[in-house]
Structure formats: C-alpha cells, structure tokens
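Report on the following structure.
Values below: all heavy atoms of this structure, side chains included; hydrogens, waters and symmetry mates excluded.
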Amino acid sequence: MAALRVLLSCVRGPLRPPVRCPAWRPFASGANFEYIIAEKRGKNNTVGLIQLNRPKALNALCDGLIDELNQALKTFEEDPAVGAIVLTGGDKAFAAGADIKEMQNLSFQDCYSSKFLKHWDHLTQVKKPVIAAVNGYAFGGGCELAMMCDIIYAGEKAQFAQPEILIGTIPGAGGTQRLTRAVGKSLAMEMVLTGDRISAQDAKQAAFEMTLTEGSKLEKKLFYSTFATDDRKEGMTAFVEKRKANFKDQ
C-alpha cells in the first residue's frame, strides 16, 4: 500500500531527463540500457519506474526495447523493496506501435517457427501491480502493451488505436482479446476493422466470450497467417517507405 500511496505523485510529476538514477545501481553493473530508463521513485524507493526511451521513433517497440523491458520488470519483481511498477513513455507518445521495420520482411514460417512476439507476454506474468501511465499515442503494440498492465492511468491527450488493418495485418499481442474486454465488442471491432483511434473517455466496460488464454493463442495464429499474404507485405513496405499502400486483396 505504501507503494500505491506514492504512485500518483510519480505519475503526475514531470519525468526526469534520460540519465541514470544513483538509486538504480544494480542495473548499472548488469545492463547498459539503450531503449528504456529504469529507476526507483517514492519516499522509500517503493515504486519501480520504467520509461520507454526511443523519442525519435515515438517509442516504437523494437526487440531490443522489449528485452530491456523484460529485464527491468524481472529485477523490480525480485526487489522486495518495490511494491508496484509504473510503465510510461513520453508526452507525445506512450508507444506508437511495434517496430514495423523489424517485421517487414518476415514470412509466415518465420513468425510461426520463432513464436514471434512471444517474449511480449512476460509483462502479463509479473506478480506485482504494473500501472501504465499513458499520454499521447498508444497505437498498435503500444495499445496492447498498455492493456497488458493491471491499471491504466490515461492523460487528457492519450489516444488509443489498433491500426494494424492499415498495413494489411491484425493485432498480434493481445489486441483483439484485451481490447474487447476494455471497450466492448462493438467498439473493439470498429477499432480493429477501421484503425480508428479513441480517447480515454471513450472506453467502456465489456463482457467475455472466450478465455483470454484461448483467445490470445487464436489471435497469434491469425496474426501469423497474415504474413502469408501479399497485402501484409505491401502494407508494411508502404509504411516503411512512407507512401500509400496499394492493396490488391491478395
């Protein structure tokens, strides 16, 4: 409870510049983070703060970032002094999505054999409360990452979207499953099928039709299957090349 009492002050206060915090020396000797900032906050260092730190890429979630995030989560979880963990980004973007350049040239076989995105699931297994402090864009993988957390604190400028349809694919890290539970089936289908964004105020309560575990397994299989289509390849290539996609329903 002590960690939760200092939580709001951590969320509302300005984020520190990207420098290492002296209180976080265990990380300094075990890792040299490139994509995140991890430190303890609060009067008694009871809150673990993880800030996504790829501002030029709007915190796009590359493999390296997810690996570092998992390492920070593991260390905070094993630290008895830490009672809760806060995951945040920047003012402009929590995370604007997965790193499309990394998946652009993958095939269906690449995804299936490597269990693509499997390492994203570590966040859902953390036993301590994980709170997402979201401002700005939480799109695609960023929206999915926020929904993996136990609680979402959304700022007035927060916007959520699952725009994968615009690059010829579907959400692959829990989006079709957790989004339904967060905003309801109707709005979730609208968001996934159109790529439209919503504000925090638009969120609604929803019911379950399938267990989360079963739904997530099915979602990943369907996500992998899109990598066998020409339109998925064209969509991601167009995104990387900053042009309009020429879909042919293939």
Side-chain angles (χ1 to χ4, degrees), residues 1-55 59 61-91 93-95 98 115 117-136 138 141-155 158 173-174 177-178 181-182 200 211-213 216:
M1 292 301 296
L4 294 178
R5 280 195 290 268
V6 300
L7 176 60
L8 287 178
S9 63
C10 291
V11 174
R12 291 173 181 165
L15 295 175
R16 296 180 182 179
V19 295
R20 301 289 181 243
C21 176
W24 194 235
R25 289 175 183 170
F27 266 130
S29 62
N32 183 20
F33 288 139
E34 181 179 358
Y35 303 115
I36 68 171
I37 300 168
E39 60 186 21
K40 294 182 183 180
R41 289 283 189 94
K43 183 177 180 181
N44 297 311
N45 288 334
T46 53
V47 175
L49 177 66
I50 303 173
Q51 181 183 357
L52 308 181
N53 189 36
R54 292 188 73 197
N59 292 333
L61 303 170
C62 61
D63 277 346
L65 186 151
I66 297 297
D67 287 341
E68 291 183 2
L69 172 62
N70 289 343
Q71 184 177 350
L73 288 169
K74 183 175 185 294
T75 302
F76 279 140
E77 187 172 27
E78 293 175 350
D79 187 339
V82 173
I85 302 169
V86 175
L87 176 61
T88 191
D91 289 335
F94 173 75
K115 296 183 179 180
L117 301 184
K118 179 65 175 176
H119 62 317
W120 285 44
D121 294 344
H122 177 72
L123 177 56
T124 65
Q125 300 165 16
V126 176
K127 294 181 176 62
K128 293 181 180 180
V130 181
I131 297 91
V134 179
N135 207 19
C143 184
E144 292 171 307
L145 192 69
M147 290 190 293
M148 290 180 191
C149 297
D150 300 300
I151 302 171
I152 298 177
Y153 281 105
Q177 303 303 305
R178 293 186 177 88
R181 290 156 171 79
T211 68
L212 182 58
T213 299
S216 295

For Ile37, is there any backbone N or O sitting under 3.5 Å from a side-chain donor or acceptor partner on Asn53? no
Can you confirm whether Arg178 sits close enough to Glu144 that some side-chain heavy atom of one is under 4.5 Å from a side-chain heavy atom of the other? no
Rounding to 0.5 Å, atoms CZ (Phe94) and CD (Gln51) come to a distance of 11.0 Å
Counting C-beta onward and ignoring hydrogens, is there a side-chain heavy-atom pair between Leu69 and Leu145 closer than 4.5 Å? yes
Locate the shortest heavy-atom distance separating Lys40 from Ala81; write the atom from each residue and the value. NZ-CB, 4.5 Å
Can you name the closest pair of heavy atoms from Leu87 and Cys149 and give their distance? CD2-SG, 4.1 Å
Residue pair Ala38 / Phe33: nearest heavy atoms and the distance that separates them: CB-CE1, 4.1 Å
Just list the side-chain donor-acceptor pairs under 3.5 Å for residues 119-127, sequence neighbours left out, or say none.
from	atom 1	to	atom 2	distance (Å)
His119	NE2	Asp63	OD1	3.3
Thr124	OG1	Asp121	O	2.6

Flag, side chain of Thr88 to backbone of Ala133, donor-acceptor distance under 3.5 Å: yes
If every non-hydrogen atom of Val86 is compared with every non-hydrogen atom of Val47, which pair is closest and at what distance? CG2-CG1, 3.8 Å
Closest non-hydrogen contact found for Tyr35 with Glu68 is N-OE1, 2.8 Å
Is there a donor-acceptor contact under 3.5 Å from the side chain of Asp150 to the main chain of Ile131? no
Can you confirm whether Ile36 sits close enough to Leu65 that some side-chain heavy atom of one is under 4.5 Å from a side-chain heavy atom of the other? yes
Report the C-alpha separation of Leu61 and Leu52 in whole Å, then their side-chain angles, then the decisive distance to 0.1 Å, and conclude whether the side chain to side chain contact (heavy atoms under 4.5 Å, CB included) test is met. CA-CA 9 Å; Leu61 303 170; Leu52 308 181; 4.1 Å; yes
Looking only at heavy atoms, which two atoms of Ala158 and Val134 are closest? And how far apart? CB-O, 3.7 Å
